[in-house]
Amino acid sequence: MQQQSSLRDSVRKHLLKKVRLGKLKIGNTINLAALSRELNVSVTPIREALTQLQQSHIIEAVPNRGFIIAKLNSKEAHDLYDLVANLEVLAIENSVFEEMHIEELKKQHAVFENAQNAIDRINADMHFHFLLTKEYKNDIVQRILSDLKARIFFYEQAIMSDDSFYNKADNQHESIISAIEDDNVPTASLLLKMNWMLILNYIQKKLSEGV
């Protein structure tokens, strides 16, 4: 049983890595047989991993097609971003930021600024938010955030080519770090919520345009 669970988790991590690398696209079908050959595991742990990802709304089961990457929609975008924003605010309001944590945020912000392509930029942004919330020692919230952000990645891809949009996010990152440095958590929380809502508003606009 433990080995089966380990295999399932390995498959899940493998699929989430493909998401972060931009190798899985909206509407793609996940070929169980091909994945079984690629990872040299049976179909059973693959199905278990896919079921977990289905529960996180990253994929969906479609009759006669199997598992596919779920399509984007405005209602899901609203629910995802609203929940992530509130969970991250909860996290930073219950965190203690030492000087080394602030330096980590600054270094990661530099990585975000200097990202050379869209996928790297999204991953740099995601890691910035991970560093921002990692000091909240609530394993359940951290697992939920991880799952939600795996789904959010597909929404981020809808805007990843817009440099002007990311310039706005860049400014908000700097403001969040400054507020934390000043030990002004209420302002940091407000800026963090605004950061996620900015992204949400832009994504909903793109979805309405048929992206």
Side-chain angles (χ1 to χ4, degrees), residues 1-84 86-88 91 108 111 115-160 199 203 207 211:
M1 182 66 71
Q2 186 174 0
Q3 182 183 11
Q4 190 75 5
S5 175
S6 177
L7 288 173
R8 177 200 64 211
D9 291 343
S10 294
V11 173
R12 185 175 181 278
K13 288 177 182 177
H14 175 78
L15 290 170
L16 290 178
K17 183 178 180 180
K18 281 194 168 187
V19 170
R20 292 192 298 273
L21 293 175
K23 292 183 177 180
L24 291 178
K25 307 291 185 182
I26 297 298
N28 282 173
T29 300
I30 298 176
N31 188 314
L32 271 68
L35 196 56
S36 176
R37 291 192 297 271
E38 179 183 354
L39 299 178
N40 194 29
V41 299
S42 70
V43 172
T44 300
I46 293 174
R47 285 190 178 278
E48 290 176 353
L50 291 172
T51 298
Q52 281 192 343
L53 294 175
Q54 183 182 6
Q55 292 169 349
S56 301
H57 300 281
I58 297 169
I59 64 173
E60 62 180 334
V62 179
N64 302 318
R65 285 195 62 187
F67 291 99
I68 68 168
I69 303 299
K71 293 182 179 180
L72 308 181
N73 69 79
S74 184
K75 175 63 166 61
E76 183 192 48
H78 174 272
D79 292 347
L80 275 171
Y81 280 84
D82 183 63
L83 182 54
V84 167
N86 284 301
L87 287 176
E88 286 204 348
Q108 186 57 31
V111 173
Q116 297 300 305
N117 59 66
I119 293 294
D120 286 349
R121 188 160 47 197
I122 295 172
N123 281 309
D125 185 43
M126 292 287 189
H127 194 61
F128 175 85
H129 282 271
F130 166 74
L131 293 176
L132 192 62
T133 58
K134 71 171 185 173
E135 294 307 310
Y136 183 43
K137 307 304 183 184
N138 185 313
D139 292 343
I140 295 174
V141 168
Q142 295 295 352
R143 177 61 181 265
I144 291 171
L145 278 172
S146 178
D147 286 348
L148 292 175
K149 288 177 183 177
R151 179 57 177 162
I152 273 178
F153 192 94
F154 294 105
Y155 285 89
E156 302 283 292
Q157 286 181 305
I159 61 168
M160 66 183 182
I199 302 171
I203 284 174
L207 289 174
V211 172

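Just so it is clear, the structure is predicted and the values come from calculations on it, not from any experiment.
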**Study point:** Candidate pair Phe153 and Ile58, rule side chain to side chain contact (heavy atoms under 4.5 Å, CB included), full reasoning
**Key:** CA-CA 10 Å; Phe153 192 94; Ile58 297 169; over 6 Å; no
**Study point:** Arg20 vs His127, side chain to side chain contact (heavy atoms under 4.5 Å, CB included): CA-CA, chis, key distance, verdict
**Key:** CA-CA 11 Å; Arg20 292 192 298 273; His127 194 61; over 6 Å; no
**Study point:** From CA spacing to verdict: side chain to side chain contact (heavy atoms under 4.5 Å, CB included), Leu145, Val84
**Key:** CA-CA 7 Å; Leu145 278 172; Val84 167; 4.1 Å; yes
**Study point:** Trace of the side-chain hydrogen bond (donor to acceptor under 3.5 Å, both in side chains) decision for Glu76 with His57
**Key:** CA-CA 9 Å; Glu76 183 192 48; His57 300 281; 4.9 Å; no
Practice item. List the steps, then state whether side chain to side chain contact (heavy atoms under 4.5 Å, CB included) holds for Ile46 with Leu7. Key: CA-CA 8 Å; Ile46 293 174; Leu7 288 173; over 6 Å; no
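For the atom pair CZ (Phe67) and CG (Leu50), the distance works out to 5.0 Å, reported to the nearest 0.5 Å. Taken to the nearest 0.5 Å, the CG atom of Leu53 stands 11.0 Å off from the CZ atom of Arg151. Considering CD1 of Ile26 and OH of Tyr155, their distance stands at 7.5 Å, rounded to 0.5 Å. Gln52 contributes atom CD, which lies 6.0 Å from atom CG of Asp9 (distance to the nearest 0.5 angstrom). Here CG of Asp79 is found 10.5 Å from CG of Leu148. Values are rounded to the nearest 0.5 Å. Note that CG of Asn123 and CD of Glu156 are 10.0 Å apart. Values are rounded to the nearest 0.5 Å.
With a 6.0 Å radius and a threshold of 12 heavy atoms from other residues, nucleotides or ligands, Asn117 has its CG atom above the threshold. Within a 6.0 Å sphere centred on NZ of Lys71, heavy atoms belonging to other residues, nucleotides or ligands number 12 at most. By the 6.0 Å contact criterion, CG on Leu21 is enclosed, its count of non-hydrogen atoms from other residues, nucleotides or ligands being greater than 12.
Considering only residues two or more places apart in sequence or on other chains, His14 meets the ring pair (Phe, Tyr, Trp, His ring centres under 6.0 Å) condition with none of them. Tyr136 is linked by a ring pair (Phe, Tyr, Trp, His ring centres under 6.0 Å) to nothing, counting only residues two or more places apart in sequence or in another chain. Partners of Lys18 by salt bridge (Lys or Arg N to Asp or Glu O under 4.0 Å), not counting sequence neighbours, listed by chain and number: Glu38. Qualifying salt bridge (Lys or Arg N to Asp or Glu O under 4.0 Å) partners for Asp82, counting only residues two or more places apart in sequence or in other chains: none. A search for salt bridge (Lys or Arg N to Asp or Glu O under 4.0 Å) contacts involving Lys134 returns Glu104, not counting sequence neighbours. Listed by chain and number, the residues in a salt bridge (Lys or Arg N to Asp or Glu O under 4.0 Å) with Arg143 are Asp147 (sequence neighbours excluded).
A donor-acceptor pair under 3.5 Å links the side-chain atoms of Asn28 to the main chain of Lys25, judged by distance alone. A donor-acceptor pair is defined here as one N or O able to donate and one able to accept, closer than 3.5 Å; such a pair exists between the side chain of Gln142 and the backbone of Thr133. Looking at Ser10, its side chain does come within 3.5 Å of a backbone N or O of Ser6 through a donor-acceptor pair. Although no hydrogens or angles enter the test, the distance criterion places no donor-acceptor pair under 3.5 Å between the side chain of Arg121 and the main chain of Ala115.
Ala150 and Leu16 make their closest contact through CB-CD2, 3.6 Å (heavy atoms, listed as atom of the first residue, atom of the second, distance). Heavy-atom minimum distance, Ala49 versus Arg12: CB-N, 3.8 Å. Shortest non-hydrogen contact noted between Ile203 and Ala77 is CG2-CB, 4.4 Å. The shortest heavy-atom contact between Tyr81 and Ile199 is CE2-CG2, 3.5 Å. Summarising the geometry of Leu15 relative to Leu24, their closest heavy-atom pair is O-CD1, 3.8 Å, with the distance given to 0.1 Å. Residues Val19 and Phe154 come closest through the heavy atom pair CG2-CZ, 3.7 Å.
Proximity of Ile119 to Gln157: side-chain heavy atoms (C-beta onward) are separated by under 4.5 Å at one or more points.
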